[in-house]
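The block underneath contains the structure these notes are about, expressed in structure tokens.
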Amino acid sequence: RELVRQKLRLGTQLNPMVSGNPVPTGVPPLEVGLVLDVWIEQSARKRSEPPLLPAELVKDLASKFEIPGHVEFKEGKGGLPTVVLKHACGSSAEVTLFGGCVTSWKQASGDEVLYIRPDAVFDKSKPISGGIPHCFPQFGPGEMQQHGFARNLDWEVVGSSADPQPDDRDPEIEIALIDNEYTKKMWPHDFMVAYSISLHGETLKTDMRVLNKGSEAFDFTAALHSYFEVAGVENAKVNGLKGLEYLDKTEDANNPPKKEEDRDSIAFTGPVDSVYLKSAGHVELDVGTGAAISIDSKNWSDTVVWSPWTAMPDCYKEFVCVENAQFSEPIVLNPGESWRAETEMKIVDL
């Protein structure tokens, strides 16, 4: 375990078993179960100590995981502990530990890519409305609260890294969420979610792994509910979904009809809430400035496109959600198995 702790401090990337099959990453593998051991050890120590105030927690995290100039910690909005990733090219990202939510992703120019709604609050009274919130272990409505519980719980930092290449170091943070009394009241399963966020130049990468650490199988759905800033919703378009079947939730949210997409580009002239089934690993959001957000994904089965339109009159013109989701085919994990899904997002010229 000491070796695992050393690897975590050095930021060795997780390489979990996906449904029993190892996934190569090009870096030395580190089993997600070993990270679980370290996480449990850290949590047991924390339970024996008085809880830290936000400023104290930020200081504690910085002492353990900060890499000056690359991975830093601060009190963010509302005093919430926040991780700041900085790339040498000038790009940056921020991750709020409440909800494990990416709340900022800026290009080297300083331009913000993500969107935080004006009604967002940062006092833990509800999930953060904007950025890239989690939907887990349920996407949408269902047996538990809307979109599950991962977006309104504190996540733990378990590792940080900056690639050893001296001229182009990629900052990365590894956070985790584990079952507790609160989660088991809604979802009676033993699990861990490990989630890493990194910058490769101006490209934002996410890597999510879910582990069944219990003795019984469970199933779940999930999504990254990504909010992107656009230059007027009427100017935005989503490309790359033509020919796919989709569920149109604007007609009936509880029993949406299935349709086939025949448009080359999806424009916004009213509310949109569509789940594109078995989508390809590439989609682009034309933000209306002559540039697009390119989203490449691995192992996310579906793509969700959402605009509330005038249901949110104060902000609907300023953002569009294009979400990576696992909805049409819930993931079933037997004891000891894990599932992994990745994304890469970057800005491209049109």
Any side-chain heavy atom of [X] sitting closer than 4.5 Å to one from [Y]?
X: Asp190; Y: Phe218; result: no
X: Leu199; Y: Lys86; result: no
X: Leu153; Y: Tyr182; result: yes
X: Asp302; Y: Phe327; result: yes

Would Arg117 and Asp314 count as a salt bridge (Lys or Arg N to Asp or Glu O under 4.0 Å) if you check the C-alpha gap in whole Å, the side-chain angles of each, and the deciding distance to 0.1 Å?
CA-CA 9 Å; Arg117 284 172 19 198; Asp314 293 336; over 6 Å; no
Apply salt bridge (Lys or Arg N to Asp or Glu O under 4.0 Å) to residues Glu344 and Lys205 and explain how you reach the verdict.
CA-CA 5 Å; Glu344 289 191 11; Lys205 296 184 178 184; 3.7 Å; yes
Does [Y] offer a backbone N or O that forms a donor-acceptor pair with the side chain of [X] under 3.5 Å?
X: Asp179; Y: Phe191; result: yes
X: Gln138; Y: Met144; result: yes
X: Trp105; Y: Glu202; result: yes
X: Glu329; Y: Gln326; result: no
X: Asn299; Y: Arg340; result: yes

In terms of heavy-atom contacts, does [atom1] of [X] have more than 12 from other residues, nucleotides or ligands at under 6.0 Å?
X: Lys249; atom1: NZ; value: yes
X: His200; atom1: NE2; value: no
X: Lys278; atom1: NZ; value: no

Does the ring center of Tyr115 lie less than 6.0 Å from the ring center of Phe319?
yes
Ring-ring centroid check Phe220 Trp339, cutoff 6.0 Å
yes
Step by step, would you call Lys258 with Asp248 a salt bridge (Lys or Arg N to Asp or Glu O under 4.0 Å)?
CA-CA 6 Å; Lys258 185 181 288 188; Asp248 187 352; over 6 Å; no
In terms of heavy-atom contacts, Ala120 and Ile116 come closest through CB-CG2, 3.6 Å
Heavy-atom pair with the smallest gap, counting every atom of Phe139 and Ala223
CD1-CB, 3.5 Å
Can you tell whether the side chains of [X] and [Y] come within less than 4.0 Å, N to carboxylate O?
X: Lys106; Y: Glu94; value: no
X: Lys346; Y: Asp296; value: no
X: Glu251; Y: Lys259; value: yes

May I ask whether [X] and [Y] are part of the same hydrophobic cluster, defined by side-chain heavy atoms of I, L, V, M, F, W, Y residues being less than 4.5 angstrom apart, directly or through others?
X: Leu224; Y: Val230; answer: yes
X: Leu350; Y: Ile347; answer: no
X: Ile295; Y: Val102; answer: yes
X: Leu277; Y: Trp306; answer: no
X: Tyr195; Y: Ile331; answer: yes

Check whether the side chains of Asn152 and Gln145 place a donor and an acceptor atom closer than 3.5 Å, and report yes or no.
yes
Just by distance, no angles: are the side chains of Asp119 and Ser129 close enough, under 3.5 Å, to form a donor-acceptor pair?
no
To the nearest 0.5 Å, what is the distance between CG (Asn180) and NZ (Lys185)?
9.5 Å
Measuring from Ser91:OG to Asp111:CG, what's the distance to the nearest 0.5 Å?
12.5 Å
Go through the steps to decide whether Ser297 and Thr343 satisfy the test side chain to side chain donor-acceptor pair (under 3.5 Å), and finish with yes or no.
CA-CA 4 Å; Ser297 63; Thr343 68; over 6 Å; no
Dump the intermediate steps for side chain to side chain donor-acceptor pair (under 3.5 Å) on His87 and Asp170, then the final yes or no.
CA-CA 6 Å; His87 196 277; Asp170 289 355; 3.2 Å; yes
Using the salt bridge (Lys or Arg N to Asp or Glu O under 4.0 Å) rule, take Asp207 and Arg209 through it: C-alpha gap first, then chi angles, then the decisive distance, then the call.
CA-CA 7 Å; Asp207 188 343; Arg209 287 85 71 210; 3.4 Å; yes
Evaluate His282 against Glu284 for side chain to side chain donor-acceptor pair (under 3.5 Å), listing each step before the verdict.
CA-CA 7 Å; His282 178 79; Glu284 291 186 359; 3.2 Å; yes
Taking the inter-plane angle between the rings of Trp187 and Phe136 on a 0 to 90° scale, is it parallel (under 30°), tilted (30 to 60°) or perpendicular (over 60°)?
perpendicular
Parallel under 30°, tilted from 30 to 60°, perpendicular over 60°: which one fits the rings of Trp155 and His134?
parallel
Test log, rule side chain to side chain donor-acceptor pair (under 3.5 Å), inputs Glu66 and Ser160
CA-CA 7 Å; Glu66 187 165 284; Ser160 63; over 6 Å; no
Derivation and outcome, side-chain contact (heavy atoms from CB on, under 4.5 Å), residues Val238 and Asp286
CA-CA 6 Å; Val238 180; Asp286 179 346; over 6 Å; no
